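One structure below.
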Amino acid sequence: MAITENQKKLVINSFKKVEPIADVAADIFYKKLFEYDPSLKSLFKSDMKSQGRKLMSALKLAVSSLNDLDALVPVLQKMAVKHVQYGVKVEDYTPVGNALLFALKQGLGKEFNSELRAAWSDTYRVMAVVMRQAAYSNFNPDTFKNPKHYYH
Ligand code: HEM
């Protein structure tokens with residue numbers, strides 16, 4: 001997985017600032033996600049508060065494992081297969097990534113500069129590639145070079 005040491009540090013340190021406002025960040029995340037794609041709403045069966053907590057604890061696990069990526073890969077692979085059962089499709093990783101970047105931008109304000117944005121975007125992209133490769137036999141990373149699938 002290709003994330004630089006500096007990017008890892010940026011992501012880990014900034015996440016510490018998101019944690020205290022996790023509930024607010026999760027609300028922003030879901031609101032934006034359903035704005036991007038209202039059809040995703042029906043996939044989420046549990047209440048949004050506990051869903052938001054799950055999201056934040058998963059991110060916490062991922063962020064804290066950035067220094068031990070070999071251990072993180074099988075966790076992400078298992079998680080991805082479960083997501084197929086939730087009805088998640090390969091292309092859904094794009095609006096989720098964008099909603100995550102939006103929530104971080106709102107939550108971190110000015111601090112979310114272009115360097116930090118690139119660090120989070122690369123981190124999510126790497127995680128999403130591992131998950132999609134594990135779960136979708138038709139996944140081709142080249143498809144996601146299409147501007148439609150860029151994270152903004
Ligand atoms: C880096 C990417 C992602 C991470 C770390 C993540 C994390 C999680 C975690 C920890 C859970 C709780 C249950 C479990 O462990 O399986 C979960 C559930 C779920 N996730 Fe994700 N997820 C990611 C991407 C996505 C994407 C792209 C979608 C697409 C919409 C999605 C939709 C869902 C749904 C529908 C559930 C089940 C909700 C329910 O039971 O009500 N996730 N996710």
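One-based numbering, in listed order, for ligands and for the atoms of each. All of these numbers come straight from a predicted model, not from anything done at the bench.
A donor-acceptor pair under 3.5 Å links the side-chain atoms of Tyr124 to the main chain of Tyr93, judged by distance alone.
Distance from atom 40 (O) of ligand 1 to its nearest protein heavy atom, with residue and atom name: Ser46 OG, 4.0 Å. The nearest protein atom to atom 35 (C) of ligand 1, hydrogens excluded, is given as Leu43 O, 3.4 Å; this is a heavy-atom distance. Of all protein heavy atoms, the one lying nearest to atom 34 (C) of ligand 1 is Phe44 CE2, 3.6 Å.
Atom 21 (Fe) of ligand 1 has His83 NE2 as protein N, O or S atoms under 2.8 Å away.
Close contacts of ligand 1 with Tyr124, meaning ligand atoms under 4.0 Å from a residue heavy atom, involve 1 (C), 2 (C). For ligand 1, the atoms sitting less than 4.0 Å from at least one non-hydrogen atom of Met127 are 1 (C), numbered in the order shown with element in parentheses. Here is the list of ligand 1 atoms found below 4.0 Å of a heavy atom in Asp92: 27 (C), 29 (C). Heavy-atom contacts of Lys82 reach the following atoms of ligand 1: 14 (C), 15 (O), 16 (O) (cutoff under 4.0 Å).
Note that the CH2 atom of Trp120 and the CG atom of Leu101 stand 9.0 Å from one another [nearest 0.5 Å]. How far CG of Leu10 is from CG of Leu66: 11.0 Å, rounded to the nearest 0.5 Å. Considering CG of Asp37 and NZ of Lys32, their distance stands at 13.5 Å, rounded to 0.5 Å.
Of all the listed residues (Lys41, Lys89, Gln51, Gln85), Gln51 holds the heavy atom that lies closest to atom 38 (C) of ligand 1. In this structure, of Met131, Lys78, Glu91, the residue bringing a heavy atom nearest to atom 3 (C) of ligand 1 is Met131.
The N/O atoms of Lys45, backbone and side chain alike, include one that comes under 3.5 Å of an N/O atom in ligand 1.
Remark: aromatic rings of Phe34 and Phe44 are close, center separation under 6.0 Å.
Contact check on Lys16 versus Glu19 returns no salt bridge, with no Lys/Arg side-chain nitrogen under 4.0 Å from an Asp/Glu carboxylate oxygen.
Within 6.0 Å of atom NZ in Lys8, more than 12 heavy atoms from other residues, nucleotides or ligands are found, so the atom counts as buried in its surroundings.
Here the side chains of Val75 and Ser65 are not in contact, with every heavy-atom distance at 4.5 Å or above.
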